[in-house]
There are 2 protein chains.
Amino acid sequence: MDITAVDTQATKMAGLVIDILAFSKNGPQICPVRDVLDRIGDKWSLLAILHLGTAEALRFNELRKLIDGISQRMLTVTLRSLETDGLVTRTVYAEVPPRVEYRLTGLGHSLLGAVIELVTWAKVHAPAIAQARLAAAASQVPA
Amino acid sequence: MDITAVDTQATKMAGLVIDILAFSKNGPQICPVRDVLDRIGDKWSLLAILHLGTAEALRFNELRKLIDGISQRMLTVTLRSLETDGLVTRTVYAEVPPRVEYRLTGLGHSLLGAVIELVTWAKVHAPAIAQARLAAAASQVPA
DNA sequence: CAGAATCCGGTATGATACTG
DNA sequence: CAGTATCATACCGGATTCTG
């Protein structure tokens, strides 16, 4: 990739971003971009979506085991808010003991695609970020 | 897209996610996916990256005006942490009054690509989410 | 099993004032 | 202009206990 190609792509991305940000200013309601980012910007939503993307359906305690470190409370809260936003469905089976299954909706699957992009980026560039942090720490306390 | 195609794509995404999550378990250090999500999961980082993606370079107060509602303090904190992670560069010009320019690094631009995917999703599906929320609110207080 | 309710601390964020 | 320093606070999220 030569300089010209880089420039072209950068310009293209800039145009896309400008469109998005312009859109976010329109209308009387809050910015949809911020709104969605707030939703997925919490500690567990994206992880829940990722794990739900690995199976057709998952039960509450299955998710609890898969998402390492999540508390019962936060799993409940997270799933409810994802349900409210139409990203997952919650199905209760009238049995005893109770069984509840969660699965991604079509909307949830469409988000999964974008999320995979992001975590793939994270996976690929994690070493670069770690290195940058080390370099920053080193220049912080040189003596 | 027929049922088979949907299934195939869903299976493919599931495989990708499994790879990513498996990777995140490896090694003694913390999960890189969570690490990066924590970084960009704060309130302002993604917005700063998006705006920096619209121009070659931006000054402190230019960003301040562009990112509506951000406080001086949070802009500073956000930019510093992005700098620490190697996503933006900070250039101080020895002038008076001082001038400081921020611009995305190559790493930052690569993240911008994934972020654009995400916010584009947000832009497209914001109405669907809004509708889901309304439906949830309606079923909440039916009487 | 799958939660609901409650309490509680830490941290992220905001407001304000001061400075090189 | 581009911060830093300090204080105030809201709310996120964890631990615990109780329930259908």
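In what follows, chains carry the letters A, B, and so on, assigned in the order in which the sequence lines appear, proteins first and then strands, with residues in each chain numbered from 1. Everything quoted here is computed from the prediction, not taken from an experiment.
- Between Leu87(B) and Arg39(B), the closest heavy-atom pair is CD1-CD, 4.2 Å.
- Nearest nucleotide to the side chain of Thr76(B), out of dC1(D), dT4(D), dA2(C): dT4(D).
- The distance from atom CG of Asp42(B) to atom C1' of dC11(D) is 16 Å, rounded to the nearest whole Å.
- The CD1-P distance, from Ile67(B) to dG14(C), rounds to 12 Å in whole Å.
- Across the protein-nucleic acid pair, Trp44(B) atom CH2 and dA12(C) atom C1' stand 12 Å apart, rounded to whole Å.
- At the heavy-atom level, Tyr102(A) lies under 4.0 Å from the strands shown only through sugar-phosphate atoms.
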### Query
After noting the C-alpha distance and the side-chain angles of Thr76(B) and Phe60(B), does the key distance pass the side-chain contact (heavy atoms from CB on, under 4.5 Å) rule?
CA-CA 8 Å; Thr76(B) 300; Phe60(B) 187 86; 3.5 Å; yes

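- Between Leu75(A) atom CG and dA4(C) atom C1' the separation is 14 Å, expressed in whole Å.
- Side-chain atoms of Trp121(B) and Ile40(A), non-hydrogen and from C-beta on, never get closer than 4.5 Å to each other.
- What separates NZ of Lys43(A) from C1' of dG14(D) is a distance of 9 Å, to the nearest Å.
- For Glu62(B), the CD atom counts as densely surrounded, since its 6.0 Å shell holds more than 12 non-hydrogen atoms of other residues, nucleotides or ligands.
- Spacing between atom CD of Glu101(A) and atom P of dG3(C) amounts to 12 Å, rounded to whole angstrom units.
- If you measure from atom NZ of Lys65(A) to atom C1' of dA2(C), you get 13 Å, rounded to the nearest angstrom.
- Side-chain proximity of Asn61(B) to the nucleotides dG14(C), dG14(D), dC1(D) is greatest for dC1(D).
- A close approach under 4.0 Å does occur between a side-chain nitrogen or oxygen of Arg90(A) and OP1 or OP2 of dG3(C).
- Residue Arg73(B) places no side-chain N or O under 4.0 Å from the OP1 or OP2 atom of dT6(D).
- Of the candidates dC1(C), dT13(C), dG13(D), dC1(C) carries the atom nearest the Pro98(A) side chain, counting heavy atoms from C-beta on.
- Side chain of Arg80(A), nearest nucleotide from dT4(D), dC1(C), dG3(C): dG3(C).
- Closest to the side chain of Ser71(B), out of dG14(C), dG3(D), dA2(C), is dG14(C).
- Between the base of dA4(C) and the side chain of Gln72(A) there is a donor-acceptor pair shorter than 3.5 Å.
- Tested against Ile116(A) for a side chain to side chain contact (heavy atoms under 4.5 Å, CB included), the candidates Met13(B), Lys12(B), Glu117(B) yield a single pass: Met13(B).
- Summarising the geometry, the separation between CG on Leu63(B) and P on dC1(D) is reported as 14 Å, rounded to the nearest angstrom.
- The 5' end of DNA chain C is approached more closely, in terms of each residue's nearest nucleotide, by Glu62(A) than by the other of Glu62(A) and Ile70(B).
- Within 4.0 Å (heavy atoms only), Arg59(B) reaches sugar-phosphate atoms of the nucleic acid but no base atom.
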